[in-house]
Novice: 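Starting off with a structure, shown below.
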Amino acid sequence: ELLAPPLPHVGTDKHLVFFFCCCFSANVNRKTFKTSVKPGWYYFGRKMDTADFEWMMWFSTYRDHILFALSGHVLFAKICSMLAPQYRSLVYMMYGLLAVWTSMGWTYVTLILSHCILLYSISLVKIRWLCFITGLCTLATFKCEPFVSWQAGFVEGDFELRHVLFYGGCGFTIMRCMSFALENCERKDGNYSILELLKYNFYLPFFYFGPIMTFDKFYVQANRSDLTRKEREMWNISLQGGIHLGVIIVIDVLFHFMYILTIPADMKLLKHLSDWALVGLAYFNLVYDWVKAAVMFGVINTVSRLDHLDPPKPPKCITMLYVFAETHFDRGINDWLCKYVYDYLGGKHDNVVEELIATLCTFAVTILWLGPCQVVMIWAFFNCFGLNFELWTAKFFAMEPFTSFELAMSEAMSRRIRAVFNSFNFWSIVLYNILALNSLDFAKLVTKRLLLKGFPITTIIVMFVTYCLIQVIKERERRQSSLVHLHWKHFEKCLVEDLLSHVVAALA
């Protein structure tokens, strides 16, 4: 095996050149790259970064299988929508059940059905806390031995995707069943039928990989009789599909030239990178993870929109995040947690004690969902602290004399001062999430370079650039808010004029 040449000492003026050399062919034969850098474009002599198993599974290894399953769903759904639209949710369930049976075997389907029946039976009691505890205990059986091994034995065959489909299907099934049970508790007249639960759970596009759509929304949309599309809706769906295809091609090209997912695993190489290269590498790792989530959920959402559903929106761009309350990569899970835990316990999120209890419970459920381990617990702790610290800070500055100072200054000056604090928030979000996406060692190295070794030059310049970015984001949000306000005022005016005209006509 050919090894890369010894790493030279890198001067400040050459750090960018060195960084790009790391990304190109000079270092692709390093020992640490062996497991994740594989042959790619044969005719161009390029190797490919395959460190992200999830992306490779979707768009390389099992691309044809996933495309075939989703295409079949779209075909049958379209035929049913034209011939018998009132039975379309039933057809979705039957096709999903058949696809799961074909891919994982009848014993796995039996396992899934047993969990559905268990949580449906508990939901009939209509005791909210009992449904929640039962759901969490059931979810825990997929996170600890010997329950995991016993349930994994229900899967037939020994193919590479077996474990991914097993955990994905079971995990999302439990979360969907909990949503169904909690919504059934809220229903005052009677109960939802078990058939509605099976329709909800076995909707194939959401079954293995999400996103989660809460039962109340799915039930209304899947049973809607009016399938008339809005103006230019199909054009928008086609455009979104084309954009996702373009992004997939761009990322595939980048994987052959920039190995940003593999480099963070090589600590020896990282120590020779400059502060700028390291900070940029950390930021682009987060950007990539956001793009991956947006594309993967976007592909599924495109299919579900063809089925006349309104799925969870893509995650908010990482560059636009400067508050912990909006930080998420999976909006489906985020909506689920907010609806059933965070907002339910936190109320209006203006009480310090209630907010602390709500965030602790929310991240406890998140830890169980992701799987308890050291990295997940550290990530959850810091994000929970960040969410509460935002409220503490807001409460502190809402007291005198700070409120008087803010009222005395202009709106622009207030926005500038807030942007200073948001700059530190932005990098806290970046560093906390790098911990979960890469490794603890990489996160510690980036933190040390950004705040300690790079101080004051790197720290000040990075924070200043971040401050400018947040100012741009805030200005964009302000303009969007003003536009929405103007549209609402126009709507109110038209509504009042319309009512007055009807009153005058009635009196005449």
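Nothing here was measured: the structure is a model prediction, and the numbers come from that model.
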Novice: Where do C131 and L119 land on the side chain to side chain contact (heavy atoms under 4.5 Å, CB included) test, with the steps shown first?
Specialist: CA-CA 7 Å; C131 294; L119 284 164; 6.0 Å; no

Novice: Please check if any side-chain donor atom of N301 sits under 3.5 Å from a side-chain acceptor atom of Q240, or the reverse.
Specialist: no

Novice: Can you check whether H115 reaches T138 side chain to side chain, under 4.5 Å on heavy atoms?
Specialist: yes

Novice: Is a salt bridge present between K339 and D216, judged by a nitrogen-to-oxygen distance below 4.0 Å?
Specialist: yes

Novice: I would like to know whether C384 and L360 meet side chain to side chain contact (heavy atoms under 4.5 Å, CB included); could you show each step before the answer?
Specialist: CA-CA 7 Å; C384 183; L360 287 174; 3.9 Å; yes

Novice: Mind checking the CD-CG spacing from E196 to N184? Nearest 0.5 Å is all I need.
Specialist: 11.0 Å

Novice: Are the side chains of W379 and F363 in contact, using a 4.5 Å heavy-atom criterion?
Specialist: yes

Novice: Quick one: OG1 on T214 to CE on M178, what's the gap to the nearest 0.5 Å?
Specialist: 13.5 Å

Novice: Is the distance between the ring centroids of Y288 and F255 less than 6.0 Å?
Specialist: yes

Novice: Can R128 and E186 be counted as an ion pair, charged N to O under 4.0 angstrom?
Specialist: yes

Novice: Hey, what do you get for CG (L437) to CH2 (W290), rounding to the nearest 0.5 Å?
Specialist: 14.5 Å

Novice: Compute whether any side-chain donor of one residue and acceptor of the other, for N422 and K474, lie under 3.5 angstrom apart.
Specialist: yes

Novice: If every non-hydrogen atom of Y200 is compared with every non-hydrogen atom of R176, which pair is closest and at what distance?
Specialist: CE2-O, 3.1 Å

Novice: As a quick check of understanding, evaluate side chain to side chain contact (heavy atoms under 4.5 Å, CB included) for L431 and L435, giving each step before the final call.
Specialist: CA-CA 6 Å; L431 294 173; L435 174 69; over 6 Å; no

Novice: Which heavy atom in T173 sits nearest to a heavy atom in I112, and how many Å separate them?
Specialist: OG1-CD1, 3.8 Å

Novice: Consider only side-chain N and O atoms of E406 and S414, and report whether a donor and an acceptor are under 3.5 Å apart.
Specialist: yes

Novice: What distance separates F426 CZ from I318 CD1, expressed to the nearest 0.5 Å?
Specialist: 6.0 Å

Novice: What distance separates T228 OG1 from H308 NE2, expressed to the nearest 0.5 Å?
Specialist: 8.5 Å

Novice: Give a yes or no on whether the ring-centroid distance for F396 and W392 is below 6.0 angstrom.
Specialist: no

Novice: Return the CD to SG distance between E326 and C317, rounded to the nearest 0.5 Å.
Specialist: 12.0 Å

Novice: Locate the shortest heavy-atom distance separating D310 from Q221; write the atom from each residue and the value.
Specialist: N-OE1, 2.6 Å

Novice: Are F202 and L204 close enough that some pair of their side-chain heavy atoms sits under 4.5 Å apart?
Specialist: no

Novice: Strictly by side-chain hydrogen bond (donor to acceptor under 3.5 Å, both in side chains), give each pair with a member in residues 457-472 just once, sequence neighbours left out.
Specialist: D275-T458, W427-T466, Y467-Q471

Novice: Parallel, tilted or perpendicular, judged at 30° and 60°: which one describes the rings of F389 and F385?
Specialist: parallel

Novice: Hey, would you say the F215 and Y192 ring centroids sit under 6.0 Å apart?
Specialist: yes

Novice: Quiz question: by atom type and distance under 3.5 Å, do the side chains of N191 and Y120 form a donor-acceptor pair?
Specialist: no

Novice: Is it true that T262 and S36 share a donor-acceptor pair across their side chains at a distance under 3.5 Å?
Specialist: yes

Novice: Establish, from distance only, whether the side-chain atoms of S179 and Y340 form a donor-acceptor pair under 3.5 Å.
Specialist: yes

Novice: Indicate the ring-plane relationship of F402 and F397, choosing parallel, tilted or perpendicular according to the 30° and 60° boundaries.
Specialist: perpendicular

Novice: Quick one, L309 and F218 - any side-chain contact, counting heavy atoms below 4.5 Å?
Specialist: yes

Novice: Checking side chain to side chain contact (heavy atoms under 4.5 Å, CB included) against N433, which of L321, N285, N383, D289 comes through?
Specialist: N383

Novice: Any chance the rings of Y432 and F324 have centres within less than 6.0 Å?
Specialist: yes

Novice: Less than 4.5 Å apart, side chain to side chain, heavy atoms only: is that true for P211 and R331?
Specialist: no

Novice: Side chains of Y283 and I434: does their closest heavy-atom pair fall under 4.5 Å?
Specialist: no

Novice: Flag the pair F172 / F207 as yes when their ring centroid distance falls below 6.0 Å, and as no otherwise.
Specialist: no

Novice: What's the shortest heavy-atom distance between R449 and L273, and which atoms?
Specialist: NH1-O, 2.7 Å

Novice: Is the shortest distance from a Lys or Arg side-chain nitrogen in K316 or E477 to a carboxylate oxygen in the other one below 4.0 Å?
Specialist: yes

Novice: Of all the heavy-atom pairs spanning E355 and L387, show the shortest one and how long it is.
Specialist: OE2-CG, 4.2 Å

Novice: For W58 and V299, run side chain to side chain contact (heavy atoms under 4.5 Å, CB included): C-alpha distance rounded to whole Å, both residues' side-chain angles, the deciding distance at 0.1 Å, then the answer.
Specialist: CA-CA 10 Å; W58 263 83; V299 170; 4.2 Å; yes

Novice: Under a 4.0 Å threshold between the charged nitrogen and the carboxylate oxygen, would K292 count as salt-bridged to D52?
Specialist: yes

Novice: With salt bridge (charged side-chain N to carboxylate O under 4.0 Å, His left out) as the criterion, how do E475 and R479 come out once you've worked through the C-alpha distance, each side chain's angles and the decisive distance to 0.1 Å?
Specialist: CA-CA 6 Å; E475 179 63 20; R479 291 184 179 182; 3.1 Å; yes

